[in-house]
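Data first, discussion second: the structure below is written as structure tokens.
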Number of protein chains: 2
Amino acid sequence: MVTIYDIAAKAGVSAMTVSRVINNTGKISDKTRMKVRRMMDELGYVPNHMARSLVLQQSNMLFLLITDITNPFYTTLARGAEDAANKYGYRLLFGNSDEKIDKELDYLDTILTTRADGVLIAPAGDASLSHLEALRKHRVPFVLLDREVPGMESDIVLGDSKDGARQLVEHLTSRGHQRIAMINGSRQVSSARMRLEGYREAMKLNDLSYQEHHILETTFELQNDLSIIEAWLDQMDPAPTAIVAGNNVLAVEVIRTLSARGLRVPEDMSVVCFDDLGPYSEIDPLLTVVAQQAYQFGYLGMQMLVERIQINKDFIVPWKKIILPANMIIRRSVANLNDGTE
Amino acid sequence: MVTIYDIAAKAGVSAMTVSRVINNTGKISDKTRMKVRRMMDELGYVPNHMARSLVLQQSNMLFLLITDITNPFYTTLARGAEDAANKYGYRLLFGNSDEKIDKELDYLDTILTTRADGVLIAPAGDASLSHLEALRKHRVPFVLLDREVPGMESDIVLGDSKDGARQLVEHLTSRGHQRIAMINGSRQVSSARMRLEGYREAMKLNDLSYQEHHILETTFELQNDLSIIEAWLDQMDPAPTAIVAGNNVLAVEVIRTLSARGLRVPEDMSVVCFDDLGPYSEIDPLLTVVAQQAYQFGYLGMQMLVERIQINKDFIVPWKKIILPANMIIRRSVANLNDGTE
DNA sequence: CTGTTAGCGCGTTCAA
DNA sequence: TTGAACGCGCTAACAG
């Protein structure tokens, strides 16, 4: 491995001079600067980030931890975070917790041991609290994305889940639906809780009865086993005319289950959900959704993170909370029951 | 920051003993081990990965560099790579080059300076050669994914692009199509070249004329500006009856352009492409595609990488090349011109 | 079973 | 404008 000492030797200067050339610090004569630069090129020198971070006590690297790298919501969010990070001159690394608290812990370990300067994190669930406490304890600035964690205050970017649920339910009722079921993520995840609450309130507001057996609590991640959904559908009698899905993955699973039974959307069942399906939803668009501003989640979150990092540590600044509105995109997955169209 | 010296002091042992406890090396009495462990917990010790890597000269971290984090092909690939990396006890970090050689260079810098133990990389294009040469020069093992780079031999996982193109063209001809156009990625990207060649050969094999103006070379990444596609469509007279897209992103762009003109798929134009659209393609599936085994790309690539890393450096092992077959999934985006169904 | 010494590659501090 | 000494946190090698 080529070190600054190798360069120093070849250039006939001290290692310190080389260091100064690399970092553009101090005063260096143009002549020695040139000489050092040439030697660096010749030897193919690459700075050792570890040695550097070790003495500087900072890594200049930020970390983004998402829960599902195959979900377009998170990948779009990642692009936003990336753009913002680059804009501020930080490197960004990604991790994928797969909605699993254990994998999240592994990444947390990576984050802590590599001394990332800051973290943007979509927590796997309420159990992430201990992870966040570890970050706080070690003074690693972080910004929460998409999900709150009870017991932990911090900067955060949230979607307006309640209002989103309201929009979905009202769209359904406006088209004549009354028996509206909901499939949702785990109640260990704040966004799932808020969406359920929004659904509940909207049902009440529309004088529709909230029925326990119309609710299925499962998880936001893709499952291979659809039997839980099947059992849930079976026990609803009479069957609902519409289903609200807590996110895009669940909507896809529901539709797959339905179509395995020969049921079609929207003819036999209407389905709506949170989050769009990515760029690919634009062709032959089926699903009516409440789309969140995924890119903004990442971009604004990263901005908050960088601000937080650059604040003087001793200076107390209150936590910021950004709530991004969700926008309904009406497509063809909802039947109009009002005019006999089915 | 808590160091092993702090723990050593509190526990009344030497730093070396603490180090041994942390790494489970050497023989330690249960009593001191317990004592050290307790102190570590009490003080909230977190190992400093940088200091560790600095002396060990290895980071135990692997890197996956993809070109489009919003493309389901790459995110599924990422899941495969991640699973394999974890299986072998490595941490995996992700980067997204966005098909841009400059961003790739930035990540390469990160990889080099952080001393990643190995890299899985989907190169942005032929210009990535210098980046790969840098990796080779610094003895960072790498495995290429999805794309070859002329002038650089290495382990690699490829899709059978030529055969994929053949399958698509033959599917179209079997349904009576003769004027088949192709929109493709940059010829700076090997997979685009291979797909074009496969298309060309398949056209010839089916006695169809290869027409220069039926080919549009653009890029695999999502563009906001669709005017290039519009201009291309305009200058084809007579219009083709089918379009082969070099990847999923291009297919989506073509379909968006078509539908902006009121043209429908497959009634007015048939469209097929490489790569599936992710889990979300399973609902209301439109596009007929040649699906690549994305997960396997990542999983097998990672296996090769780990093997390469663990090989004794002095021992010469020939490069391995895995070619994964592509499988056609027939859906509804191709009109059957044979029986007047149009 | 445990401790001492030395050094990984770099930047800060002070001196020249 | 340049250099020498020191230390960041950790572990390999050796000594006991």
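Any value given below was found using the heavy atoms of this structure, including those in side chains, with hydrogens, waters and symmetry copies removed.
Applying the ring-ring contact (aromatic ring centres under 6.0 Å, His included) test to residues at least two apart or on different chains, the pairs with a partner in residues 67-102 of chain A are Phe73(A)-Phe297(A).
A side-chain donor-acceptor contact under 3.5 Å links Tyr299(A) and Lys87(A). Thr25(A) and Arg20(A) share no donor-acceptor pair across their side chains, judged by distance under 3.5 Å alone. Side-chain polar atoms of Arg147(A) and Ser190(A) form no donor-acceptor pair below 3.5 angstrom. Donor-acceptor pairing under 3.5 Å is lacking for the side chains of Ser53(B) and Gln58(B). In this structure, a donor-acceptor pair under 3.5 Å is present between the side chains of Asp83(B) and Tyr295(B).
As judged by a 4.0 angstrom heavy-atom cut-off over every strand, Met1(A) is placed among residues touching the sugar-phosphate backbone only.
Note: Leu120(A) CG to Ile66(A) CD1 = 10.5 Å, rounded to the nearest 0.5 Å.
Scanning for side-chain hydrogen bond (donor to acceptor under 3.5 Å, both in side chains) contacts around Lys321(A) gives Glu148(A), with sequence neighbours left out.
Atom CD of Glu153(A) has 12 or fewer heavy atoms from other residues, nucleotides or ligands within 6.0 Å. For Lys103(A), the NZ atom counts as densely surrounded, since its 6.0 Å shell holds more than 12 non-hydrogen atoms of other residues, nucleotides or ligands.
A donor-acceptor pair under 3.5 Å is formed between the side chain of Asn23(A) and the backbone N or O of Ser19(A). A distance-only check finds no donor-acceptor pair linking the side chain of Thr67(A) to the backbone of Ala124(A) [under 3.5 Å].
For DNA chain D, the outermost nucleotides in 5' to 3' order that have an atom under 4.0 Å from a heavy atom of chain A are dT1(D) to dG9(D). Contacts between chain B and DNA chain C, taken as any atom within less than 4.0 angstrom of a protein heavy atom, begin and end at dC1(C) to dG9(C).
Sorted by residue number, the members of residues 7-34 of chain B with any non-hydrogen atom under 4.0 Å from DNA chain D read Met16(B), Ser19(B), Arg20(B), Asn23(B).
The rotation axes computed at either terminus of the helix from dC1(C)-dG16(D) to dA16(C)-dT1(D) lie 40° apart, taking five pairs at each end and rounding to 10 degrees.
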